[in-house]
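Written out below as structure tokens is the structure these notes cover.
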Number of protein chains: 2
Amino acid sequence: MRFDPTDLRLFLAVADAGSITHGAADAGLSLPAASERLGDMELSGGVRLLDRGRRGVALTEAGEALAHHARLISRQMAMMRGELGEYATGLRSTLRVLANTAAMAELMPQRLAGWMGANPRVDLDLK
Amino acid sequence: MRFDPTDLRLFLAVADAGSITHGAADAGLSLPAASERLGDMELSGGVRLLDRGRRGVALTEAGEALAHHARLISRQMAMMRGELGEYATGLRSTLRVLANTAAMAELMPQRLAGWMGANPRVDLDLK
DNA sequence: TCCTTTTACGCCACACGTAATCATC
DNA sequence: GATGATTACGTGTGGCGTAAAAGGA
């Protein structure tokens, strides 16, 4: 049960998107990489997290529980990053992105995922 | 700023032990591996986390902040594992270890670290 | 027959440990 | 000199993407 931040981020993306295909894209992973990660999560936890169906996936009860905790942990990690950022000495840069709610939810993730992967030294602060 | 669970676990071990040498052992890592991880954490965060001194290390202000959040996140992750464990289908096993407080703090970490690394399918529940 | 997921496969990078070096008291 | 941290370096593997196969309504 590793559940590193990438696992949690991917799982939430898949939960939100309703399919591994779109969730993988939102998380900046290829579809097979995402499928493998999710499979490993289920295997290592000994529990099914997703019900695979024709039009994507749905969360099992355990999946819902995981999503709940994953959201809490993500929030906590964001707070950690934020507080740590206040001590930063300028090596790091933060880029604030402004967008309305619809654009944020529908367009930003897939647009930014790849870019963020290519620019790890820059934190994105979506407001 | 990756800060995966291993990073957090290591940092807390180092914070508790007061030296990278002993913290690395408690976290089940070699000293150089731990040193590199900590250095990368400081580099990627753009902030010093540890003051290196003659007899080990001390946390900077930023380090204290990180330790605080790391403890919260670790707790949250433990709760997540616990709840997920209730859904598990028997593939995984949990081993409960009983020890008094002093032994828990002083002896258990270094004894168990290696063993846990070699037995990833077993969760240790230290009570 | 599509749309989604899984499996196969080769590759590269990263994280590790051993060993050597540096620093500080 | 002893203790603790860092640097150097070679190695193995874990996670990735491309491509091909399988499954379901």
Side-chain angles (χ1 to χ4, degrees), chain A residues 1-45 47-60 63 109-110 113-121, chain B residues 1-11 13-45 48-60 63 109-110 113-121:
Chain A
M1 242 203 270
R2 237 181 50 246
F3 293 122
D4 60 34
T6 301
D7 285 333
L8 300 184
R9 179 180 165 77
L10 169 64
F11 189 78
L12 289 178
V14 168
D16 288 344
S19 83
I20 300 179
T21 300
H22 296 112
D26 291 353
L29 289 176
S30 73
L31 174 55
S35 176
E36 186 181 0
R37 259 185 195 271
L38 294 166
D40 286 349
M41 289 172 72
E42 291 181 315
L43 195 65
S44 76
V47 59
R48 300 198 51 122
L49 300 170
L50 300 172
D51 282 325
R52 276 80 166 170
R54 168 67 188 76
R55 297 196 71 76
V57 294
L59 300 190
T60 64
Q110 51 266 46
W115 188 88
M116 287 181 68
N119 296 272
R121 305 297 294 276
Chain B
M1 244 205 267
R2 235 181 49 244
F3 294 121
D4 60 34
T6 301
D7 284 334
L8 300 183
R9 179 179 164 80
L10 169 64
F11 189 79
V14 168
D16 288 344
S19 82
I20 299 180
T21 299
H22 296 112
D26 291 353
L29 289 176
S30 72
L31 175 55
S35 177
E36 186 181 0
R37 256 184 196 272
L38 294 166
D40 287 348
M41 289 172 72
E42 291 181 315
L43 195 66
S44 76
R48 301 199 49 128
L49 299 170
L50 301 171
D51 282 325
R52 276 81 168 169
R54 170 63 189 79
R55 297 197 71 76
V57 293
L59 300 190
T60 63
Q110 50 268 46
W115 188 88
M116 286 181 68
N119 297 272
R121 304 298 293 275

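Owing to the predicted nature of the structure, the values given are computational and were not obtained by experimental measurement. Just the heavy atoms: all of them, side chains too, but no hydrogens, waters or symmetry mates, feed the values below. So you know, we letter chains A, B, ... as the sequences are listed, proteins then strands, and number each from 1.
- In this structure, the side chains of A:L38 and A:L49 stay at 4.5 Å or more apart for every pair of heavy atoms.
- Here the side chain of B:S35 pairs no donor or acceptor atom with the backbone of B:L31 at under 3.5 angstrom.
- A distance of 8.5 Å separates CG of B:D26 from CZ of B:R9, quoted to the nearest 0.5 Å.
- Judged as a side chain to side chain contact (heavy atoms under 4.5 Å, CB included), and not counting sequence neighbours, the contacts of A:A15 are A:L59.
- Boundaries of the chain A contact region on DNA chain C are C:dC2 to C:dT7, first to last in 5' to 3' order (nucleotide atom under 4.0 Å from a heavy atom).
- With values rounded to the nearest 0.5 angstrom, A:M41 atom CE is found 8.5 Å from A:L50 atom CG.
- Remark on the helix from C:dT1-D:dA25 to C:dC25-D:dG1: inter-end axis angle 30°, axes from five-pair C1' superpositions, rounded to 10°.
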(message) Treating primed atoms plus P, OP1 and OP2 as sugar-phosphate and everything else as base, which nucleotides of nucleotides 8-23 of chain D get B, S or - for protein heavy atoms under 4.0 Å?
(response) -------SBBBB----
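- Here B:D4 contributes atom CG and A:D7 contributes atom CG; the two are 10.5 Å apart, rounded to the nearest 0.5 Å.
- B:S19 meets the side chain to side chain contact (heavy atoms under 4.5 Å, CB included) test with B:T21, B:H22; sequence neighbours excluded.
- Across all strands shown, A:G39 has no heavy atoms under 4.0 Å from either base or sugar-phosphate atoms.
- Side chain of B:D40 to backbone of B:R37: no donor-acceptor contact under 3.5 angstrom is found.
- Using modelled atom types, no side-chain atom of B:D16 and backbone atom of B:A13 make a donor-acceptor pair closer than 3.5 Å.
- For B:R52, the salt bridge (charged side-chain N to carboxylate O under 4.0 Å, His left out) criterion is met by B:E42, not counting sequence neighbours.
- Take the nearest nucleotide of DNA chain D for A:G53 and for B:I20: the residue whose nucleotide is more 5' is B:I20.
- For the pair B:T21 and D:dG4, the criterion of a side-chain N or O lying under 4.0 Å from OP1 or OP2 is not met.
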